Every structure is written in C-alpha cells, then in structure tokens.
Amino acid sequence: MLFTIPFSHFCEKARWALEYAGVAFEERGHAPGLNRIATARFGGTTVPLMVRGSMVLSDSTAIVALADREAASREQRLLPDEPDALADALALEDRFDRRMGVASRAWAYSYFLPELDTLLPYVVRGIPPLQAALISRFPGALAAVVRRGLRIGPTTRAWARTRIQEDLDFVSERLADGRRYLVGEQLSTADLTFAALAAPALFPEEYGGPLPPIEALPRAMGDEVSALRDSVAGAFALRIYRDHRRSKAERGARR
Ligand SMILES: N[C@@H](CCC(=O)N[C@@H](CS)C(=O)NCC(=O)O)C(=O)O
C-alpha cells in the first residue's frame, strides 16, 4: 500500500520509481493534512508512506531503494552498482529532496493559494469521496493548513524562485560536458528525483499524478513555467519525463 497526496511531487517520485522498477503497489490518496490520519497509524507523518506487511517505509528515498532492490531487471534499477557512482547519485537525490523539492512546492503554492479554484479540481482526484467533499466545502481550511504547515508568506515566492534557480544552474553546469544523465550512462535516482521534484515548476505532461495543464495555471505562473521549461535544466527534466515515464494512456490515465 502506498499512501499519498496524489498530486504531491514527493509522492510522484516514489510512484515513478515503483512503476519504473515494475514493483506492484496499490495507491491510497489523501487530502493534504488528512494524510496524517493514515500515516499516524504506522508511526509516520508525511507521504509518501509505503506499508507492506510489517514493513513501513516513511520517506521517498527509502521507497526508491525498495524499488531498486525489487526491480524486474537491471535496466529498471535506479541505484548504480559502482560505489562512487552510488554515493554521487544518493548525494544528488538528497540535495534535490532538501532544496528543489521544498522550493518548487512553496513556489507553486504561493501562486495557487490565492487562486485555489485552479488547483481544487486536481486536489480532490484520487482521494476518498468524504475528504473530497470536505475540501470542496471548506477550501479556506485547506489553504490555512498549507499556509501554516509550509510557512507560505509574502516573501516565499521570491525566496523559492531563487532556490529553484540555484538547483537549475547546478544541474545545467553538470550537464555542460554533454552528458545525458546526471550520473553514469543510464537513468538513476538523481535524474528521476530532479525531474519529479522540479515538476511543480515545470508541469510535465507525463506527470503521474493530477496536475493542471500549463494553460490552466494563473497567468503569471504560466509565463514563469514556460521560461523555466526553456532553460537547459528545465528541458533536461522534461526529456527525462518524456523518455522514462510511461505515457498516461499506458498507465491508465490518472488525471
Ligand atoms: N522527505 C520526505 C518529504 C515528504 C513530504 O514533504 N511530503 C509532503 C507532501 S509533498 C506531506 O506529506 N505533506 C503533508 C504533511 O506534512 O502532513 C520524503 O522524501 O518522503
């Protein structure tokens, strides 16, 4: 069982890794905040949280490691064998978890919270009907939970945009020697984590959870997303999605 907030990018990281590796799982979506009803039962807080028998994995990096261990073939693994490459890939994964993952989420919410109607139809997809009804009836409560939990304030957008740019520049520099992947010659957790966690700033079409299309975003946000997509690292993340995320039709269209 994979507990998620369906549109969350950390959940997308875990879901993508499991699907890429060919590991079967059942997803149980929750509304932001209400996820804790499910995760507290297993001693966790955030999602993704994976439960299988007595095993509980309470963060996306542990779930990627499980996907790697249980991958159906070598090509479907995400962690390099070679120790230096493995250390490099894990360090990049950790960097993107701590920086891009936090910044892109805060940045996107800074646009969505004042225009919650844009996001609401996507928040309620894949969650229990009662939670969807609650969110639809009390959207202000959802906004307050997110604003308080993530400390979204007047300076958040500028701060987060700078952080996003730092990670984009970091990735562009790394790609400057012409390499196709951040580590080694094939997709690793570094590429997948970067692409999934940059998704709230890039809105890739192949994203595995429910996200609005770029045309439905608040105008100023859509303009920024277009510019970010055109950057070297933005285009790289979109290519990783195109080349390595099965199409929505193949996955059984979640959106
Ligand atoms: N380091 C964690 C971060 C997960 C995380 O921040 N999850 C967010 C959704 S994007 C969450 O659960 N938010 C709701 C909450 O904190 O209860 C991981 O990699 O799994």
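Every value quoted in this text rests on a predicted model; they were computed, and no experiment measured them. Both counts, for ligands and for their atoms, begin at 1 and track the order of listing.
Smallest separation of non-hydrogen atoms from A190 and A89: CB-O, 4.2 Å.
Taking distance alone, with nitrogen or oxygen atoms compared against 3.5 Å, H9 stays at or beyond that limit from ligand 1. No N or O atom of F10 sits closer than 3.5 Å to an N or O atom of ligand 1. Of the N or O atoms in R36, one or more lie within a sub-3.5 Å distance of an N or O in ligand 1. Between R105 and ligand 1, an N or O atom pair is found at a separation short of 3.5 Å. Residue K13 has no N or O atom closer than 3.5 Å to an N or O atom of ligand 1.
With respect to atom 9 (C) of ligand 1, the closest heavy atom belonging to the protein is S8 OG, 3.6 Å. Among protein heavy atoms, the minimum distance from atom 13 (N) of ligand 1 is reached at I5 CD1, 4.1 Å. Of the protein's non-hydrogen atoms, the one nearest atom 20 (O) of ligand 1 is S60 N, 2.8 Å.
Between F3 and H30, the two ring planes are tilted [angle within 30° to 60°].
Looking at N35, T39, V64, V47, it is V47 that brings a heavy atom closest to atom 4 (C) of ligand 1. Comparing heavy-atom distances from atom 11 (C) of ligand 1 across T46, D59, T45, I63 singles out T46 as nearest.
A donor-acceptor pair is defined here as one N or O able to donate and one able to accept, closer than 3.5 Å; such a pair exists between the side chain of N35 and the backbone of T45. With hydrogens and angles disregarded, a donor-acceptor distance shorter than 3.5 Å links the side chain of Y207 to the backbone of H9. Remark: side-chain polar atoms of R74 are not paired, donor with acceptor, to backbone N or O of R77 under 3.5 angstrom.
Under a 4.0 Å N-O distance rule, the pair E12/R245 qualifies as a salt bridge.
Cation-pi geometry between R157 and Y111 is met: under 6.0 angstrom from the ring centre, within 45 degrees of the axis.
With rounding to the nearest 0.5 Å, the separation of CH2 in W16 from SG in C11 is 15.0 Å.
Residue P48 places a heavy atom under 4.0 Å from ligand 1.
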